[in-house]
Protein chains: 2
Amino acid sequence: MVQDSSERLFSQSVEDYVKSIYLLQQDSGSVTTSELAKKMKTSPAASTKMIKHLTENRLTEHTRYHGVRLSPAGEKIALEIIRHHRLIELYLHQALGYEWDEVDAEAEKLEHHISEEFEARIDKMLDYPLTDPHGDPIPTRELEIAPRRGAPLDNSEPGDTLIILRVRDSNPEALRYLKHLEMRLGTILKIIEKQPFNGPITLKIGEKTHSIGRELAGHVFVERYVREVVD
Amino acid sequence: MVQDSSERLFSQSVEDYVKSIYLLQQDSGSVTTSELAKKMKTSPAASTKMIKHLTENRLTEHTRYHGVRLSPAGEKIALEIIRHHRLIELYLHQALGYEWDEVDAEAEKLEHHISEEFEARIDKMLDYPLTDPHGDPIPTRELEIAPRRGAPLDNSEPGDTLIILRVRDSNPEALRYLKHLEMRLGTILKIIEKQPFNGPITLKIGEKTHSIGRELAGHVFVERYVREVVD
DNA sequence: AATATAATTTAACCATGGTTAAATTATACC
DNA sequence: GGTATAATTTAACCATGGTTAAATTATATT
Ligand SMILES: [Mn+2]
Ligand SMILES: [Mn+2]
Ligand SMILES: [Mn+2]
Ligand SMILES: [Mn+2]
């Protein structure tokens, strides 16, 4: 729409671009026009125009032909939207029984349209949660955010015993397949074999053995598992 | 925004105009340009333009200078949005503890952004409810809708014993004040006195007596109360 | 029937956020 | 250092949904 209802300061488009820049610059420091265009599924020209607009509004810093990064004000907005997104995902999962592959699409829209009141109420109802259904950290009300946990599963070596801490949230088919393999948050697994030439990884979960491709393994983030110590 | 995300067929603006036409034509049969503009808080020129656009898309029928009415397709969309709105209002009230004066504003935005999945899930969770927190009927999944119940309180006469079936949902201050007077859905009251020249109405609720103005009384819809018969 | 007034429509304009095609700039390689 | 290629930016365009001001039409009154 053109009219921005009630009290929102920025359009849905601006919010989504800023959020995408935040997520992309986590990996790369700064974000190129074409990376952003790809993530937003628009043309590079649209990306350039929006970068110009964001920079005029002091949400980003931009040096022509050399990528964009968020200003402190931009980061604040990104974290607000990410907080909405992840709280909504968790709420849909916990309160309404959504599966972990269904929550992202719904949250992608709702994140722009809930009030601070709604945010506060679901935050309280969920008892101030720290992670979303994919293991991503939820920014606090003060917009502090914990670091992302885990390293990609395809970086691990045969013999390692690992625990799943996080998964990429954006690919529903991958998420459904992982669930089908019983690979959830907290699942413990052992790497049995890793085929060369980017071949499949064989792993053991409970008594079962599975073989998964490198691409799928790249969606799963793990850390070494040390048996929990009971006092 | 300009881009209409994912699967929605019509913009938020179109949805809100169509919904407003539906609500206005309930009273008046057909809706004038200026009535619509007033309800949408835009200029008459914007209203005219949208009416033209809706008519080109076969959501309304329009004869120049003589008002607009919904086509069957337009009515379908209106009922879908009204169903969203009222289900969301009830959900916010029941599941998240919103007061009846808070739900309308939040639902006004969310109604455009929930999926059919979300609609189905809250409908089930609320056990397929028939009325919203203001006593308005909720269209069924097949978009059948019950008639609005009750007549304006200011049409009743001294001596009448009445039950509150419905209230206007759009004025939060009025709703808060009614709640403060313990005038809720299902409240039983008796008209004691009605001052002439549009003067106040005195009524008795339980042991308490209140006096309210005609304007506020026009927000409350009642029917004659007949003591419930127990088998 | 003519006319004043109010309602409605049209015209010209604007901002947002898209598109494709052309121009510009960076950079990798010979 | 010149040049091919890829990335980026600019230009020209479009749709949506607003605005205000001017033109048109309906209608109520004399
Ligand atoms: Mn989004
Ligand atoms: Mn997530
Ligand atoms: Mn609305
Ligand atoms: Mn309502």
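Letters go in sequence order (proteins before strands), and every chain restarts at 1. Hydrogens, waters and symmetry mates are skipped; everything else that's a heavy atom, side chains included, is used.
- Ring geometry for A/Phe118 versus B/Tyr98: interplanar angle of 30 to 60°, hence tilted.
- Of the candidate nucleotides D/dT20, C/dT19, D/dA26, C/dT19 has the atom nearest to the side chain of A/Ser43.
- If you measure from atom CE of B/Met40 to atom P of D/dG18, you get 6 Å, rounded to the nearest angstrom.
- Contact annotation: A/Ser13 does not reach the phosphate of C/dT16 (side-chain N/O to OP1 or OP2, under 4.0 Å).
- The separation between B/Leu59 atom CG and D/dT16 atom P is 13 Å, rounded to whole Å.
- Regarding contacts with the backbone of D/dT10, a side-chain N or O of A/Arg64 is found under 4.0 angstrom from either OP1 or OP2.
- Using modelled atom types, one finds a donor on one side chain and an acceptor on the other under 3.5 Å when comparing A/Glu106 with B/Ser115.
- Distance, B/Gln12 CD to D/dG18 C1': 14 Å, rounded to whole Å.
- Sorted by residue number, the members of residues 47-54 of chain B with any non-hydrogen atom under 4.0 Å from DNA chain D read B/Lys49, B/Met50, B/His53.
- Summarising the local packing, CG of A/Leu130 is surrounded by 12 or fewer heavy atoms from other residues, nucleotides or ligands at distances under 6.0 Å.
- A straight line from CD of B/Glu56 to P of C/dT9 spans 13 Å, rounded to a whole angstrom.
- Under the 3.5 Å distance criterion, with hydrogens and angles disregarded, no donor-acceptor pair is assigned to the side chains of B/Asp132 and B/His85.
- Using modelled atom types, one finds a donor on one side chain and an acceptor on the other under 3.5 Å when comparing B/Thr55 with B/Thr60.
- Residue B/Asn57 contributes atom CG, which lies 14 Å from atom C1' of D/dG17 at whole-angstrom precision.
- The list of side chain to side chain donor-acceptor pair (under 3.5 Å) pairs with a residue in residues 63-77 of chain A, not counting sequence neighbours, is empty.
- Of all the heavy atoms in B/Arg214 and B/Gln195, the pair that sits closest is NH2-O, 2.8 Å.
- Dashed line: the shortest gap from a side-chain N or O of A/His62 to OP1 or OP2 of D/dT9 is under 4.0 Å.
- Aromatic ring pairs are classed by plane angle as parallel below 30°, tilted from 30° to 60° and perpendicular above 60°; the pair B/His113 and A/His113 is parallel.
- A donor atom on one side chain and an acceptor atom on the other are found under 3.5 Å apart for A/His112 and A/Asp16.
- Whole-Å rounding puts the B/Lys41 NZ to D/dT19 P distance at 13 Å.
- Residue B/Tyr17 has a polar side-chain atom (N or O) positioned under 4.0 Å from OP1 or OP2 of D/dG18.
- Taking only side-chain atoms of B/Tyr65, from C-beta outward, the nucleotide of D/dG18, C/dT16, C/dT9 with the closest atom is C/dT9.
- The stretch residues 29-38 of chain B has no heavy atom under 4.0 angstrom from DNA chain D at all.
- Searching all strands for a Watson-Crick or G-U wobble partner of D/dA22 with both distances below 3.5 Å returns C/dT9.
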